[in-house]
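The chains referred to below are lettered A, B, ... by the order of the sequence lines, with proteins before strands, and numbering in each begins at 1.
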There are 4 protein chains.
Amino acid sequence: MREAAKESKREKIMEAAIQVFSKKGYHQTRMEEIAVAAGIGKGTIYEYFDSKLQLVQHIMETSLLMYYEAMGDEERSRLSFEDRIRIMIMGHFRFCQQNKALTRILFWDTEIIDEELKDWSYQIRREKEEKMRSIVEEAMQKGEIRQADPYLVTQIFLGVMGSMLVPVILEDQEFDVAQVAQEITDLLMYGLK
Amino acid sequence: MREAAKESKREKIMEAAIQVFSKKGYHQTRMEEIAVAAGIGKGTIYEYFDSKLQLVQHIMETSLLMYYEAMGDEERSRLSFEDRIRIMIMGHFRFCQQNKALTRILFWDTEIIDEELKDWSYQIRREKEEKMRSIVEEAMQKGEIRQADPYLVTQIFLGVMGSMLVPVILEDQEFDVAQVAQEITDLLMYGLK
Amino acid sequence: MREAAKESKREKIMEAAIQVFSKKGYHQTRMEEIAVAAGIGKGTIYEYFDSKLQLVQHIMETSLLMYYEAMGDEERSRLSFEDRIRIMIMGHFRFCQQNKALTRILFWDTEIIDEELKDWSYQIRREKEEKMRSIVEEAMQKGEIRQADPYLVTQIFLGVMGSMLVPVILEDQEFDVAQVAQEITDLLMYGLK
Amino acid sequence: MREAAKESKREKIMEAAIQVFSKKGYHQTRMEEIAVAAGIGKGTIYEYFDSKLQLVQHIMETSLLMYYEAMGDEERSRLSFEDRIRIMIMGHFRFCQQNKALTRILFWDTEIIDEELKDWSYQIRREKEEKMRSIVEEAMQKGEIRQADPYLVTQIFLGVMGSMLVPVILEDQEFDVAQVAQEITDLLMYGLK
DNA sequence: TATGAATGAGCATTCATTCAT
DNA sequence: GATGAATGAATGCTCATTCAT
């Protein structure tokens with residue numbers, strides 16, 4: 001089989017797996033369901049992935065890379081803090097809206113699948129947190145935002161980003177990503193009063 | 001056996017189950033582990049609960065009642081919006097800090113256990129959301145806070161409350177509940193600028 | 001406890017067990033059901049019987065004695081063959097009609113409970129067969145009935161006796177024992193022609 | 001796998017199950033024993049049958065069809081009553097002799113497995129009875145046999161057919177089916193005198 | 001390479017029996 | 001004696017994984 005075709009079947013399996021995992025959760029999903037969804041035989045999955053665990057790991061790792069790319073804050077240090085977080089929030093929402101099934105797997109049904117995967121997932125979370133915190137701290141130093149506990153502010157940002165998953169995931173709402181990002185940034189920057 | 005002793009054993013099983021479910025997740029937990037953790041025989045669990053599913057359901061229902069009690073917003077409509085949400089946030093944090101394992105089960109590892117339980121869980125979430133939204137809308141009408149999309153504001157509040165689970169759950173940090181609630185309320189009310 | 005009272009509780013358990021075993025079969029019956037039916041505690045059964053198996057064994061042995069007594073062919077060798085088998089068939093029917101639950105356990109739901117019990121049950125059956133055959137052979141020698149394979153005739157007699165269990169057990173019919181015994185004897189003696 | 005091979009494995013499982021059920025009874029039989037007897041893995045049984053209950057149900061239904069075929073009384077209404085029942089008795093014996101394990105399951109160890117199966121089994125019994133009765137009544141009308149209670153006569157026929165199971169099942173005797181059927185018919189028609 | 005029939009480790013649950021009260 | 005709460009051996013069934021075709 002040509003490399004391309006091989007790759008395409010691997011992708012097909014991953015896409016099928018994402019749909020089924022997202023709908024039923026890892027433990028409730030049987031390998032056969034994935035095979036059926038992918039339109040292939042059960043055994044074939046094992047030609048491309050070592051195990052169910054490795055399949056979900058691979059999905060999570062790959063999608064996390066995609067997510068970071070969508071969120072990417074590279075080359076934006078010259079922007080104002082307000083713009084940076086607006087863009088970041090927007091990137092987050094855009095990714096979530098475009099990859100609902102994936103979002104559910106990555107950020108919502110944080111089911112404990114495996115000790116190692118749990119640790120990896122925590123590690124990722126911490127890294128994201130660190131990065132966000134350094135942005136916050138930088139903005140405080142520059143005087144762009146007022147002094148406050150940077151850890152707290154970081155958690156709030158992450159929490160707010162998480163908050164908007166609900167309408168996307170549970171209620172399947174579509175919304176204007178740019179506008180919502182703008183409104184949220186406003187609220188965070190200028191408060192409710 | 002006296003009623004009290006019977007009740008206490010039921011509680012013992014629930015506490016053991018909470019610990020194990022919280023540590024390993026529902027599907028990774030074997031009934032025997034719960035029995036061992038409770039210091040009883042495997043069969044004894046079935047004297048008090050019909051099945052593994054019913055056990056986790058009962059834990060979730062009971063703890064949700066506790067949570068709502070801790071959060072209780074009754075008789076507070078005469079307070080200012082700022083005070084109300086501060087108290088609410090504080091109640092949330094206090095509950096989470098005092099019931100870490102439970103918090104993980106209720107709000108963190110939202111693993112798909114059962115279709116019915118999933119629906120119930122969504123229902124609960126929606127009710128909480130409704131209530132919060134009505135508080136937000138009331139405050140807007142009274143002019144306590146500025147006009148904004150009430151749905152968005154509600155999601156932000158819920159997100160912020162969710163955000164602080166991370167340090168509690170994942171990093172096992174202790175913090176001063178009242179002070180953190182105050183700081184968060186400040187940030188939400190007056191913004192970062 | 002007085003001997004009499006002790007005996008009466010033992011009987012009570014046996015009667016309860018007979019009812020439940022008869023209705024649900026040995027394997028489908030739980031010790032608790034018997035206890036409930038007897039109006040006593042589950043543990044109490046074990047004060048009177050060593051085990052579920054021993055309980056059913058005891059029931060079967062006791063009732064078989066009763067059955068043989070009802071069937072008893074002692075002191076009847078001076079009667080004609082026709083009278084003997086009529087009386088025997090009548091005894092069989094009378095016992096079955098008066099002890100329906102027991103009949104079901106003894107002769108109908110011949111479920112394999114235990115290897116030993118199975119062997120015992122076969123042994124009993126063979127003894128009954130032997131006795132019947134000797135009666136048949138005697139009647140042939142005396143010229144009371146015509147020459148035929150005595151084994152075959154014996155099986156027919158036993159079969160006919162078994163046949164009438166159906167209306168008793170399955171259809172709960174009541175019938176005039178003496179009359180039916182007479183009719184059957186006639187049919188066997190003089191044939192259908 | 002070819003259809004034929006698949007069917008043959010299904011048969012292999014059924015045959016193994018018949019042997020084990022027949023030897024140990026339904027409740028005493030573990031699925032693993034059947035698997036071992038069939039020379040396959042435990043899980044394989046579930047590829048062909050949904051459950052232990054469904055397996056035994058399928059065996060009973062299939063074998064009953066076989067039995068009725070062996071007994072078949074079609075196109076025999078022009079024969080004399082005597083011939084009809086002789087042929088019927090012969091068919092019954094032939095089936096039992098050729099399918100001993102099956103016979104034990106169908107007609108001997110009438111253990112209560114399941115409420116539904118019990119009802120089904122009674123239903124079958126009643127149908128057989130009805131058919132036999134109509135044959136008896138017809139013969140009485142035609143004057144082939146003397147007047148008697150047709151229900152009683154029917155039960156006797158069925159009882160006699162059941163009676164000969166004993167030597168087959170319990171004593172593993174072989175006998176000349178045609179000859180025994182002839183003798184039994186003689187006895188029933190002309191009596192013992 | 002692709003398949004799906006075969007497998008058996010693993011687990012929830014039942015229930016006869018025990019034994020502290 | 002009487003009890004019923006506690007127990008754990010026993011077993012039906014599932015499903016990830018293997019491997020012959």
Fill in: Sugar-phosphate only, base, or nothing, as touched by D/Lys42 at under 4.0 Å among non-hydrogen atoms
base
Practice prompt. Assess B/Arg104 against B/Phe21: is NZ or CZ under 6.0 Å from the centre of the six-membered ring, and within 45 degrees of the ring's axis?
Written response: no
Fill in: A/Phe49 six-ring face occupied by A/Arg10 cation (under 6.0 Å, within 45°)
yes
Whole angstroms only, please: what is the [atom1]-[atom2] distance between [X] and [N]?
X: D/Ile34; N: F/dT11; atom1: CD1; atom2: P; answer: 13 Å
X: B/Lys52; N: E/dG10; atom1: NZ; atom2: P; answer: 15 Å
X: A/Ile45; N: F/dT17; atom1: CD1; atom2: P; answer: 10 Å
X: B/Met31; N: F/dG8; atom1: CE; atom2: P; answer: 15 Å
X: C/Phe49; N: E/dT18; atom1: CZ; atom2: P; answer: 16 Å
X: C/Tyr26; N: E/dC15; atom1: OH; atom2: C1'; answer: 12 Å
X: D/His27; N: F/dG12; atom1: NE2; atom2: P; answer: 10 Å
X: C/Glu47; N: E/dT17; atom1: CD; atom2: C1'; answer: 12 Å

Discussion item. Both B/Gly43 and D/Ile40 contact DNA chain E. Which one's nearest nucleotide lies toward the 5' end?
Written reply: D/Ile40
Worksheet entry | Side chain of B/Thr44 (C-beta onward), nearest among F/dT3, E/dA2, F/dA6 | F/dA6
Worksheet item: Among E/dT3, E/dT14, E/dA16, which is the nearest nucleotide to the side chain of C/Tyr46?
Response: E/dA16
Practice prompt. Could you tell me whether the phosphate oxygens of F/dA6, OP1 or OP2, come under 4.0 Å of any side-chain nitrogen or oxygen in B/Tyr48?
Written response: yes
Fill in: C/Ser51 side-chain N/O to E/dA16 phosphate OP1/OP2 under 4.0 Å
no
Worksheet entry | Assigned partner base of F/dA20, Watson-Crick or wobble definition, under 3.5 Å | E/dT3
Worksheet item: Does F/dC15 have a Watson-Crick or wobble partner in any strand here, with both distances under 3.5 angstrom, and which is it?
Response: E/dG8
Worksheet item: Got a donor-acceptor contact below 3.5 angstrom from the D/Asp109 side chain to the D/Glu111 backbone?
Response: no
Worksheet item: Within the side chain of C/Gln54, is there an N or O that forms a donor-acceptor pair under 3.5 Å with the backbone of C/Ser51?
Response: no
Practice prompt. Look up atom NZ in B/Lys24 and atom CD1 in B/Ile34, then write down how far apart they are to the nearest 0.5 Å.
Written response: 10.5 Å
Worksheet item: Taking for each residue the nucleotide of DNA chain F with the nearest heavy atom, is it D/Arg30 or C/Gly41 whose nucleotide lies nearer the 5' end?
Response: C/Gly41
